[in-house]
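FYI, side chains are in, hydrogens and waters are out, and symmetry mates aren't considered; it's all heavy atoms of this structure. A, B, ... follow the sequence lines: proteins, then strands. Residue 1 opens every chain.
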Number of protein chains: 2
Amino acid sequence: MPEDRAPTRIQKKNRAAILDAALNVFSAHGFRGATVDQIAAEAGLSKPNLLYYFPSKEAIHTALLSGLLETWLAPLHDLDAQGDPMEEILAYIQRKLEMSRDLPRESRLFANELVQGAPRIHDSLSNDLKALVDEKTAILSDWMDQGRIARLHPYHLIFSIWALTQHYADFDVQVRAILGDEDPYEGAEPFVDTLYRKLLTP
Amino acid sequence: MPEDRAPTRIQKKNRAAILDAALNVFSAHGFRGATVDQIAAEAGLSKPNLLYYFPSKEAIHTALLSGLLETWLAPLHDLDAQGDPMEEILAYIQRKLEMSRDLPRESRLFANELVQGAPRIHDSLSNDLKALVDEKTAILSDWMDQGRIARLHPYHLIFSIWALTQHYADFDVQVRAILGDEDPYEGAEPFVDTLYRKLLTP
DNA sequence: TCTTGATTTGACCATCTGGTCAAACTCACG
DNA sequence: CGTGAGTTTGACCAGATGGTCAAATCAAGA
């Protein structure tokens, strides 16, 4: 497939279809559990046709992960040092919870990768993610120094937000097995809101 | 292999070795990502030898999961309606955190299964787990009615405990990528303790 | 020690899976 | 139209993988 030229209409359509199908399959079965045939079928292509657009299964996975990492971290990026601490943090949590609800496949894609030791994104974690988290925890620490939010371990504060919000997407089956018909997010939203208001109030 | 007789010394040893090896491999790679050869090698057996003790890969996985489910739920089982609410809940959280630290493989085994939709333990979730959680949330609700702890959605309170504690085992790579050399559990313990004290105080 | 059941293994098989390739087909544009 | 680049596919391959089996080896009680 020609790499240098501008992508054709067909290329755009098929690449997008492949990535969407791959997101379905990888998020549901993990990298090893996904098969190229399955992704191709879901994208409405034959296997050789799919491999005309991406050189390998690994390449699809990589393209997906790196393409989505930015989306995934955007809410934390938006945490603004100039804003009101409590509002900023609660807005971040709110957005993370919405992402769990609206983009559960993306959440599970990363969860699958992480729980198996992140063999394919270890570098992104140690570099990009680490840098972003360091930048934002510095803001949190400032707010704590100023007495505007309670003093807490800033890294663990971030971990707790990730854990609490992504839990609903990653362990969706378990949550639904227990809640039955009740909508998880209806209860989750006020719960986490209350939790962090109490936790962060100095 | 004779099923009915009492297990011989060799049977006990090899079965245990297989289950331990399988726990290593399944927790690190998921069901599909694990190979029988890998498990056999780790257990110090040949593949046909391993299949002499368990009829299939699936059988090993099932044996592991059902054998560990009890261990995994024991801390919640111990939550005592007669005890002091705050102490009981904090002790539960403490035990869950210790399990994350001391039994990370078990945590990741379940995480792998759950994130992929729990195809092999769906029934246990809807039955055993659901029943246990219902029993214990009833106790939590009573405590809330009596004004001994803050009023919260009891199911989401449980979810939050699972999310916060298991996060450290399941997403260990990510946590360590961010914390660097710092021991995750050293900071996690006081953090979750503070969090739940603030949250649960009426 | 001998015998019998328990244990172990090398060789093997069918299927699945990621990936290749040459040939066929389709599309856009001059 | 005609043509060349872009697209699609059937047939195929090599290696991995779950599982089988008959034969060989071992262990323990009579």
request  = Measure from the side chain of T35(A), starting at C-beta and using heavy atoms only, and say which of dT7(D), dG18(C), dT17(D) lies closest.
outcome  = dG18(C)

request  = Please state whether the phosphate of dT7(C), meaning OP1 or OP2, lies under 4.0 angstrom from any side-chain nitrogen or oxygen of Q11(B).
outcome  = yes

message = Less than 4.0 angstrom between a side-chain N/O of N49(B) and OP1 or OP2 of dT7(C), yes or no?
response = no

message = Any donor-acceptor pair, under 3.5 Å, between the side chain of K47(A) and the base of dG18(C), if you only look at N and O atoms?
response = yes

key: Any donor-acceptor N/O pair, K130(B) side chain to G180(A) backbone, under 3.5 Å   = no

query = When you check the phosphate oxygens OP1 and OP2 of dT7(C), does a side-chain N or O of T8(B) lie under 4.0 Å from one of them?
reply = yes

ask   = L51(A) has a side chain; which of dT8(C), dT20(C), dA28(C) sits nearest to it?
value = dT20(C)

query = Does a side-chain N or O from N14(B) land closer than 4.0 Å to OP1 or OP2 of dT8(C), or not?
reply = yes

inquiry  = Testing L200(A), I93(A), L164(A) one by one against L195(A) for a side-chain contact (heavy atoms from CB on, under 4.5 Å), which residue passes?
reply    = L164(A)

request  = Looking only at non-hydrogen atoms, find the nearest pair between D80(B) and E88(B) and report the distance.
outcome  = N-OE1, 2.9 Å

Nearest-angstrom distance from the residue atom CZ of F31(B) to C1' of dG18(D) = 10 Å

ask   = dC27(C), dT8(C), dG18(D): which one has an atom nearest the side-chain heavy atoms of R9(A)?
value = dC27(C)

inquiry  = Nearest to the side chain of P48(A), heavy atoms from C-beta on, is which of dC21(C), dT8(D), dA27(D)?
reply    = dC21(C)

request  = State whether Y52(A) places a side-chain N or O below 4.0 Å from either non-bridging phosphate oxygen (OP1 or OP2) of dT9(D).
outcome  = no

request  = Specify the closest pair of heavy atoms between N49(B) and Y53(B), including all atoms of both residues, with the distance to one decimal.
outcome  = O-CD1, 3.3 Å

note = Among dT8(C), dC16(C), dG6(D), the one nearest any side-chain atom of R32(B) is dC16(C)

query = When we call it a touch if two heavy atoms are under 4.0 Å apart, what does A40(A) touch: a base, just sugar-phosphate, or nothing?
reply = nothing

